[in-house]
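Here the structure is laid out as structure tokens; the discussion comes afterwards.
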Amino acid sequence: AALFILVTTGNAFAYRPFATEDAGVAGKGVAQLEISWDHLKWENNDKESVFLLVPIYGITENIELSIEIPYLLHNPREGDNEDGIGDINLVGKFLIVEEKDLLPAFTIKGVVKTSSGSNENGLGSGDKDYSLVLAASKSIGDLQIHGMFGWTWVGDNGDDENIRDIQLYGIALDYGITEAFHIVTEVSGNRHPDRTAAHDPFSGLLGVIYKVSEKLILDGGVRFGFNNDTPDWNTTIGASITF
């Protein structure tokens, strides 16, 4: 359960390829689709792949709704491989304050993680989780800065007394080399959901974003873990489509 929570928590936030949430929303009547693939390798040589499909729709200028649908492939060093639909997230995002002069934009985001994935096969945590995240974004010339702090209330997960609530945090930088090509970096982490773990997950990202057109944005990156309770590395590629 702790492994699943770590994998899905890291992929449930922000515009790609960030884990750090930003303050942007789609806008009224705007429909978007994010598609991504992540491949993670752990220190013990366990491997995970996550295909993520995220349809997004702007209800108003300040509110967007989305659904995060993961397809997971577990390839442990020991034991059987497993694959299937994971726990689906239902997400709402509300822009509280727009960016003005020296004031950053602020957004609050709520997430309900369902229990749709099979807990027996390691594809779900076995219970619902609830998250609230506060995000801020500020533009300084060609540089965008994003920061977040959040809290996840973790479900019973089979009455495992070692599973606990999670705090989330991160800071991300997006620098436009040209209008179409951006380089991005971030550091992010969270409290480990397993209270017996030696370290809290903490990682860094280096990546790129390429704007093909107003309707299509491509991205890719590599995330590096800073301790043994974080995947050694995580390669990620994705696309964001606006309709």
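Keep in mind that this is a model prediction, so the values were computed, not measured.
A distance-only check finds a donor-acceptor pair linking the side chain of Ser116 to the backbone of Gly86 [under 3.5 Å]. Although no hydrogens or angles enter the test, the distance criterion places a donor-acceptor pair under 3.5 Å between the side chain of Asn227 and the main chain of Asp200. Looking at Arg195, its side chain does come within 3.5 Å of a backbone N or O of Glu161 through a donor-acceptor pair. Remark: the backbone N or O of Phe202 is paired with a side-chain donor or acceptor of Thr230 at under 3.5 angstrom. For Thr185 (side chain) and Leu205 (main-chain N/O), a donor-acceptor pair under 3.5 Å exists by modelled atom type. With Ser137 contributing its side chain and Ala23 its backbone, the two residues share a donor-acceptor pair below 3.5 Å. Between the side chain of Lys113 and the main chain of Asp127, a donor-acceptor pair closer than 3.5 Å is present. At distances below 3.5 Å, at least one donor-acceptor pair connects side-chain atoms of Asn119 with backbone N or O atoms of Gly124. Judged purely by atom type and a 3.5 angstrom limit, Ser118 has no side-chain atom pairing as donor or acceptor with the backbone of Leu123. Here the side chain of Asp87 pairs a donor or acceptor atom with the backbone of Gly117 at under 3.5 angstrom.
Partners of Phe106 by ring-ring contact (aromatic ring centres under 6.0 Å, His included), not counting sequence neighbours: none found. For His199, there are no ring-ring contact (aromatic ring centres under 6.0 Å, His included) partners, not counting sequence neighbours.
Looking at Thr236 and Asp38, their side chains come closer than 4.5 Å, going by heavy atoms from C-beta outward.
Between Arg223 and Glu186 there is a salt bridge, since at least one side-chain N of the basic residue sits less than 4.0 Å from a carboxylate O of the acidic one. Checked for salt-bridge contact, Glu21 and Lys109 meet the test: a charged N lies under 4.0 Å from a carboxylate O.
Legend: salt bridge (charged side-chain N to carboxylate O under 4.0 Å, His left out) pairs involving residues 231-241, not counting sequence neighbours: none detected. Pairs engaging residues 94-104 under the salt bridge (charged side-chain N to carboxylate O under 4.0 Å, His left out) rule: Glu99-Lys138 [sequence neighbours left out]. Residue pairs meeting the side chain to side chain donor-acceptor pair (under 3.5 Å) criterion with at least one partner in residues 57-67, sequence neighbours excluded, are absent.
For Asp80, the CG atom counts as loosely surrounded, since its 6.0 Å shell holds 12 or fewer non-hydrogen atoms of other residues, nucleotides or ligands.
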Show me, pair by pair, the donor-acceptor contacts under 3.5 angstrom made by side chains of residues 163-179, not counting sequence neighbours?
residue	atom	partner	partner atom	Å
Arg164	NE	His192	O	2.9
Arg164	NH2	His192	O	3.4
Asp165	OD1	Val154	N	2.9
Gln167	OE1	Arg191	NE	3.4
Asp174	OD1	His182	ND1	2.6
Asp174	OD2	Tyr15	OH	2.6
Thr178	OG1	Ala180	N	3.3
Thr178	OG1	Phe181	N	3.0

